Amino acid sequence: MVQLRYFKGLLLSDLSAPGLVWNEEFKCYVGFASKYRDVLFYFKRSNIKVEDHVLDLLPFPIISDNIKLRKYQEDALYTWFRNRWGIIVLPTGAGKTVIGLKAIALIKLSTLIVVPTIDLLNQWHESIKELLNVEAGRIGGGYDDLKGITVITYDSAYSKLESIGNKFAFVIFDEVHHLPSEGYSIIAQGLAAPYRLGLTATPERSDGRDVLYPSLVGPIVYRVPVSNLVGKYLSNFAIQRIYVNLTKDEEKEYKYYRGILRNFLRKRGMKLTSLSDFNKLVKIAAKDKEAREALLAWHEALKIAVNSRAKIEKLKELLEELNNEKIIIFTRNTSMAYEISKLFLIPAITYKTPKAERLEILEKFKANEYRVIVTSSVLDEGVDVPDASVAIVLGGYGTSRQFMQRLGRILRKKENKIARLIEIVSKGTSDYNLSRRRRQNVTF
DNA sequence: TTGACTCAACATCCTTTGCTACAA
DNA sequence: TTGTAGGTTTCCATGTTGAGTCA
């Protein structure tokens, strides 16, 4: 007979098991609470009886569920259900929340839903009320209400982990690509929940920490590419790139700043061919004045390339040409978003835009009072953005995630219309590299 | 309740073609 | 002579969010 207990995000066992190590302080074998599932399985397989005091589950509420899933949602859910462990990847707008809700209705055990933003916290709360007919608890964004089905932000989950770690049998990580980060991964480790579902449209991470998924939430068990849903559930779309040249002045300035960087690299015998090269430069720049100047020059050059005049000129043409379309313009820098806002009298949303104003702009965009809005990267994820027919990308990161998220903003099904994503790229600059990089590893 | 503020955490940040030391 | 491996993480700047505090 072995005794298993939970203590502040940890699993305690008086017998050894894989994933547990002897702890002198506790006088027993200790591991992360997330080991609970494996350890239990190990003891059962070894025919060792377990006195299990780990879970102290909250009562599951009475729900009613009339959720009808689409074929691909059903396939995804039933594939996941075999192990009740793993990640489902679905494009933006393909109905991930509904799958999560159906999973809750099937498992019928206390459930924690972890989300990155307060917007999503409230959206899940609404959906649960609407589709499961029950008022869920909320923790975060001013709420602190623990219930048998609770929605919580990643930040609150992190800070409340010790006290809630064994209260749930099932955990859903929405936008699960956030989970592997250094701090948030502790949430997955400290929860004892043996059933786990991750949901995202974009599982790949540029820092490579996506290799941690299997141990935190399980591997990707089902993936629906955009191309499978286009036409029937998502809009047909076209991607177009327009290349522009820097103005003479910009080119001069761009070359000047790139020259500072290049001279520094040559002088120090360094190169900038990989991310680790870049990190090395950043590290040196913390202490070395010359390196800092080189890095600042890199920033300046990039800014010139990404925010060039020629892009604004091209944008002007496009706005005239596409005068019947609903358009979202994406920039990289907030300064560019505000400049466009001023120039074309278009409402702008950035992280500096107060919540109420943001909501008002999105409402008016939805109601067709505004035809065009401009934004930096705040609307990439986690916000319910009304659909547009055209996305004009003036600048962004070199990540496929952002590219797919922005594409997702125009993919809601439209009758007899092809959605368009138009990228405007400065030729012969680092903006070109960014554009190329963000399209690598993209699976449609 | 709201708003303004601060703080901590997370994410991105690289790829033209040039260097140097060492092994084959 | 030629080919290739070497060096890797705590942080230049900017953008974004949630939480906490205080008025």
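Just so it is clear, the model here is predicted, and its values are computed rather than measured. Convention: sequence-line order gives letters A, B, ...; per-chain numbering from 1.
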- [ ] Grab the CD-P distance between A:Glu175 and B:dA9 for me, whole Å please.
- [x] 22 Å
- [ ] Quick one: look up who B:dT1 pairs with, Watson-Crick or G-U, both distances under 3.5 Å, and put none if it's unpaired.
- [x] none
Open item on the list: By the salt bridge (charged side-chain N to carboxylate O under 4.0 Å, His left out) test, which pairs, at least two apart or in different chains, include something from residues 384-397 of chain A?
Closed with: A:Asp387-A:Lys414
Open item on the list: Between A:Arg420 and A:Glu325, does any NZ, NE, NH1 or NH2 come within less than 4.0 Å of an OD or OE carboxylate oxygen?
Closed with: no
TODO: Taking salt bridge (charged side-chain N to carboxylate O under 4.0 Å, His left out) as the test, write out the residues that go with A:Lys147, two or more places apart.
DONE: A:Asp145
TODO: Would you indicate what A:Thr399 reaches in the nucleic acid, counting non-hydrogen atoms under 4.0 angstrom: base, sugar-phosphate, or nothing?
DONE: sugar-phosphate
TODO: Using a 4.0 Å heavy-atom cut-off across all strands, classify A:Leu275 as base, sugar-phosphate, or nothing.
DONE: base
Task: Separation of the C1' atoms in C:dT16 and B:dC13, to the nearest angstrom - done: 16 Å
Task: A:Lys271 side chain, from C-beta outward: closest of C:dC12, B:dC19, C:dT9 - done: B:dC19
Open item on the list: In this structure, how many angstroms lie between the P atom of C:dG6 and the CG atom of A:Asp277, rounded?
Closed with: 13 Å
- [ ] State which residues pass side-chain hydrogen bond (donor to acceptor under 3.5 Å, both in side chains) with A:Gln402; sequence neighbours excluded, sorted by chain then number.
- [x] A:Asp380
Open item on the list: Going by the rule salt bridge (charged side-chain N to carboxylate O under 4.0 Å, His left out), which residues pair with A:Glu317 if we only count those two or more places apart in sequence or in a different chain?
Closed with: A:Lys314
TODO: Verify the contact: side-chain N or O of A:Arg292 to OP1 or OP2 of C:dA13, cut-off strictly under 4.0 Å; return yes or no.
DONE: yes
Open item on the list: Mind checking if A:Tyr154 touches a base, just sugar-phosphate, or nothing, with heavy atoms under 4.0 Å?
Closed with: nothing
TODO: Quick one, give me the B/S/- string for nucleotides 14-23 of chain C, reading 5' to 3', where B means a protein heavy atom under 4.0 Å from the base and S means that only happens at the primed atoms, P, OP1 or OP2.
DONE: SSBSSS----
Task: Proximity to the side chain of A:Thr273 - top-ranked nucleotide from B:dC10, B:dT15, B:dC13 - done: B:dT15
- [ ] Apply side-chain hydrogen bond (donor to acceptor under 3.5 Å, both in side chains) to A:Arg371 and list each qualifying residue two or more places apart in sequence or on a separate chain.
- [x] none
N/O-N/O pairs, protein side and nucleotides 3-6 of chain B side, under 3.5 Å:
none

Open item on the list: If I take atom CG in residue A:Asp207 and atom P in nucleotide B:dC14, what distance separates them, rounded to the nearest angstrom?
Closed with: 15 Å
- [ ] Classify the nucleic acid contact of A:Leu121 as base, sugar-phosphate or nothing, counting any heavy atom under 4.0 Å across all strands shown.
- [x] nothing
Task: Results of side-chain hydrogen bond (donor to acceptor under 3.5 Å, both in side chains) for A:Asn307 - residues two or more places apart only - done: A:Asn333
TODO: Examine B:dC14: is either OP1 or OP2 under 4.0 Å from a nitrogen or oxygen in the side chain of A:Trp298? Give yes or no.
DONE: yes
TODO: May I ask you to verify if any side-chain N or O of A:Asn433 is less than 4.0 angstrom from the OP1 or OP2 atom of B:dT15?
DONE: yes
Open item on the list: Could you tell me how far C:dT9 sits from B:dC10 if I compare only their C1' atoms? Round to whole Å.
Closed with: 15 Å
- [ ] Sort and list the pairs that fulfil salt bridge (charged side-chain N to carboxylate O under 4.0 Å, His left out) and have at least one residue in residues 331-340 of chain A, not counting sequence neighbours.
- [x] A:Arg309-A:Glu339
Task: Residues which pass salt bridge (charged side-chain N to carboxylate O under 4.0 Å, His left out) with A:Arg412, listed by chain and number, not counting sequence neighbours - done: none
TODO: Classify the nucleic acid contact of A:Glu182 as base, sugar-phosphate or nothing, counting any heavy atom under 4.0 Å across all strands shown.
DONE: base
Task: A:Arg84 NZ/CZ over A:Tyr195 ring centroid, <6.0 Å and within 45° of normal - done: yes
- [ ] Would you tell me if any nitrogen or oxygen in the side chain of A:Arg205 comes within less than 4.0 Å of OP1 or OP2 on B:dA11?
- [x] yes
TODO: Quickly work out the A:Ile284 CD1 to C:dT10 P distance and round it to whole Å.
DONE: 14 Å
- [ ] Report the residues that fulfil side-chain hydrogen bond (donor to acceptor under 3.5 Å, both in side chains) with A:Lys255, sequence neighbours left out, ordered by chain and then residue number.
- [x] A:Glu251
Task: Near-ring test A:Tyr184/A:Phe173, centroid separation under 6.0 angstrom - done: no
Open item on the list: Under 4.0 Å, heavy atom to any atom of DNA chain B: which of residues 243-269 of chain A qualify?
Closed with: A:Arg258, A:Arg262, A:Arg266
